[in-house]
**Student:** 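Encoded as structure tokens, here's the structure I'll be asking about.
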Amino acid sequence: MTIGQAARETGLSVDTIRFYEKRGLLRSAARTEGGFRLFGPREIEALKFIRKSQELGFSLDEIRELLFLQEGQAGACEHVRALLQAKIAHVKAKIAELRKLHSDLNHALGICERNLRPHAGSREPCPVLRQLSRHRRAQKKR
């Protein structure tokens, strides 16, 4: 099938497929005499594998490693398990960061709601902007 057909089959864009090929995630596709790429079932499965791996949060380098392991390397399951454990640890850390961000945003919103002025023409600076400015100045001094 052509690259356009492969794109429709996998839900990827043509540019994405070309990018994967340039990055070495896909073997160079066979070409017609006119230079058009041709994709077979093996390439389509690899593209679907790459897409699903990205949905799970794996980087392109990690996906390259998974593709290598998929080719039947001994001990692949243990290695994949280690990659999954590392990915889970990364996700947990990201969740903690997002919870902190959520808390900080709620705190800032609370400041806004407590300090809203009844008239829009107030000359007093926004307390959240004032706090952010102090934080920015403190970081510059470091």
Side-chain angles (χ1 to χ4, degrees), residues 1-118 120 122-142:
M1 73 179 54
T2 65
I3 194 168
Q5 292 168 323
R8 283 188 293 282
E9 175 77 21
T10 60
L12 298 167
S13 71
V14 169
D15 288 338
T16 299
I17 294 172
R18 287 184 183 127
F19 176 76
Y20 290 161
E21 190 176 22
K22 285 179 190 171
R23 290 290 307 266
L25 294 171
L26 279 180
R27 294 180 185 175
S28 294
R31 294 189 180 252
T32 65
E33 286 183 27
F36 293 102
R37 291 173 174 87
L38 294 174
F39 296 85
R42 183 176 178 184
E43 290 81 15
I44 298 302
E45 287 307 310
L47 288 168
K48 288 178 180 178
F49 181 90
I50 294 167
R51 182 172 169 225
K52 181 62 178 173
S53 297
Q54 279 196 303
E55 288 172 4
L56 291 173
F58 287 101
S59 69
L60 294 181
D61 287 336
E62 290 167 331
I63 293 170
R64 183 178 291 105
E65 191 173 349
L66 291 171
L67 287 166
F68 178 75
L69 292 169
Q70 188 184 35
E71 293 182 9
Q73 299 298 316
C77 286
E78 293 170 14
H79 195 83
V80 170
R81 186 180 83 209
L83 285 172
L84 289 169
Q85 289 171 334
K87 188 58 62 184
I88 289 168
H90 177 76
V91 168
K92 284 181 179 180
K94 188 58 114 177
I95 289 170
E97 288 175 24
L98 290 171
R99 283 190 176 134
K100 169 94 170 75
L101 175 61
H102 182 258
S103 175
D104 292 348
L105 291 170
N106 273 327
H107 179 73
L109 180 60
I111 292 171
C112 282
E113 290 174 347
R114 283 191 301 276
N115 292 290
L116 280 178
R117 306 288 181 245
S122 173
R123 295 264 184 215
E124 292 192 38
C126 170
V128 173
L129 294 177
R130 195 171 49 236
Q131 183 180 7
L132 289 172
S133 291
R134 276 185 290 211
H135 180 71
R136 188 181 65 187
R137 283 191 299 264
Q139 282 185 331
K140 283 184 179 180
K141 289 180 182 179
R142 290 183 197 169

**Student:** Show the nearest heavy-atom pair for residues Ile44 and Ala6, with the distance to one decimal.
**Tutor:**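 Closest pair (atom of Ile44, atom of Ala6, distance): CD1-CB, 3.6 Å.
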**Student:** Say you draw a straight line from NZ of Lys52 to NZ of Lys48; how long is it, rounded to the nearest 0.5 Å?
**Tutor:**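 Interatomic distance, Lys52 NZ to Lys48 NZ, rounded to 0.5 Å: 13.0 Å.
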**Student:** Take Arg51 and Glu55, measure what side chain to side chain contact (heavy atoms under 4.5 Å, CB included) needs, and give me the verdict at the end.
**Tutor:** CA-CA 6 Å; Arg51 182 172 169 225; Glu55 288 172 4; 3.6 Å; yes
**Student:** Take atom CZ of Arg27 as the centre, draw a 6.0 Å sphere, and report whether it contains more than 12 heavy atoms from other residues, nucleotides or ligands.
**Tutor:**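 No, CZ of Arg27 has 12 or fewer neighbouring heavy atoms, counting only those of other groups under 6.0 Å.
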**Student:** Checking side chain to side chain contact (heavy atoms under 4.5 Å, CB included) for the pair Leu25/Phe19: CA distance, chi angles, key distance, verdict?
**Tutor:** CA-CA 9 Å; Leu25 294 171; Phe19 176 76; 6.0 Å; no
**Student:** Measure the CG-CG distance between Leu109 and Leu105 for me, rounded to the nearest 0.5 Å.
**Tutor:**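 If I round to the nearest 0.5 Å, the distance is 8.5 Å.
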**Student:** Does the pair Arg37 and Glu43 meet the rule for a salt bridge (charged side-chain N to carboxylate O under 4.0 Å, His left out), with working shown?
**Tutor:** CA-CA 11 Å; Arg37 291 173 174 87; Glu43 290 81 15; over 6 Å; no
**Student:** Do the side chains of Leu101 and Glu97 get nearer than 4.5 Å, heavy atoms only?
**Tutor:**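 With C-beta onward as the side chain, the pair stays apart.
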**Student:** So, does Ser103 use its side chain to make a donor-acceptor pair with the main chain of Arg99 at under 3.5 Å?
**Tutor:**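 No, Ser103 side chain to Arg99 backbone: no donor-acceptor pair under 3.5 Å.
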**Student:** State, to 0.1 Å, how close Val14 and Gly4 come at their nearest heavy-atom pair, and which atoms those are.
**Tutor:**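 Between these two residues, the closest heavy atoms are CG2-CA, 4.1 Å.
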**Student:** Would you please test His102 and Asn106 for side chain to side chain contact (heavy atoms under 4.5 Å, CB included) and show each step?
**Tutor:** CA-CA 6 Å; His102 182 258; Asn106 273 327; 3.0 Å; yes
**Student:** Which is it for Ile50 and Phe58 under the side chain to side chain contact (heavy atoms under 4.5 Å, CB included) test, yes or no, and what are the steps along the way?
**Tutor:** CA-CA 9 Å; Ile50 294 167; Phe58 287 101; over 6 Å; no
**Student:** Measuring from atom CG of Leu83 to atom CD1 of Ile63, what distance do you get when rounded to the nearest 0.5 angstrom?
**Tutor:**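 One finds 11.0 Å between CG of Leu83 and CD1 of Ile63.
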**Student:** Which atoms form the tightest heavy-atom contact between Ala7 and Ser13, and what is the distance?
**Tutor:**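 Distance-wise, the nearest heavy atoms are CB-C, 4.1 Å.
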**Student:** Please give me the minimum heavy-atom distance between Ala46 and Leu26, naming the atom from each residue.
**Tutor:**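 Minimum heavy-atom contact is CB-CD2, 3.8 Å.
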**Student:** To the nearest 0.5 Å, tell me how far Arg23 CZ sits from Thr16 OG1.
**Tutor:**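 It comes to 12.5 Å.
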**Student:** Between Glu78 and Arg81, is a salt bridge (charged side-chain N to carboxylate O under 4.0 Å, His left out) present by the stated rule, with each step listed?
**Tutor:** CA-CA 5 Å; Glu78 293 170 14; Arg81 186 180 83 209; over 6 Å; no
**Student:** Distance from Ser59 atom OG to Glu65 atom CD, nearest 0.5 Å?
**Tutor:**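 So the OG of Ser59 and the CD of Glu65 are separated by 8.5 Å.
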**Student:** Hey, could you give me the CD/CG distance between Glu62 and Leu67, rounded to the nearest 0.5 Å?
**Tutor:**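 It is 12.0 Å, given to the nearest 0.5 Å.
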**Student:** If you compare all heavy atoms of Ile17 against all heavy atoms of Phe39, which two are closest, and at what distance to 0.1 Å?
**Tutor:**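 In this case the closest contact between Ile17 and Phe39 is CG2-CZ, 3.7 Å.
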